[in-house]
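This structure is a prediction, so every number in the text was calculated from the model and none was measured.
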Amino acid sequence: MLRNAFEPWHLILILAVLVLLFGSQKLPDMARGLGRSMRILKSEAKALKDDGPAEAPRQESAGGH
């Protein structure tokens, strides 16, 4: 049912509606803000991945191999 949900003409129609609603002057500012947000999200996700849980300390058995 939703196999080809977004075809190129759908995206053109959505872009035209955005231009009509927000005007062509505000769209670059909105895109810039979205880009900044995506960069911040990416850097925070990378920081979480790098600072993730350290390796769990290995528990050695008392049997002594």
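Hydrophobic clustering, with ILVMFWY side chains joined whenever heavy atoms are under 4.5 angstrom apart, groups Ile14 together with Val19. Met38 is not connected to Met30 by any chain of hydrophobic side-chain contacts under 4.5 Å among Ile, Leu, Val, Met, Phe, Trp and Tyr, and they are in different clusters.
Scored by the side chain to side chain contact (heavy atoms under 4.5 Å, CB included) test, Leu15 finds no partners at all (sequence neighbours excluded). In this structure Arg36 satisfies the salt bridge (Lys or Arg N to Asp or Glu O under 4.0 Å) test with no other residue, sequence neighbours excluded.
Leu41 contributes atom CG, which lies 14.0 Å from atom NZ of Lys46 (distance to the nearest 0.5 angstrom).
The stretch residues 18-32 participates, sequence neighbours left out, in these salt bridge (charged side-chain N to carboxylate O under 4.0 Å, His left out) pairs: Asp29-Arg32.
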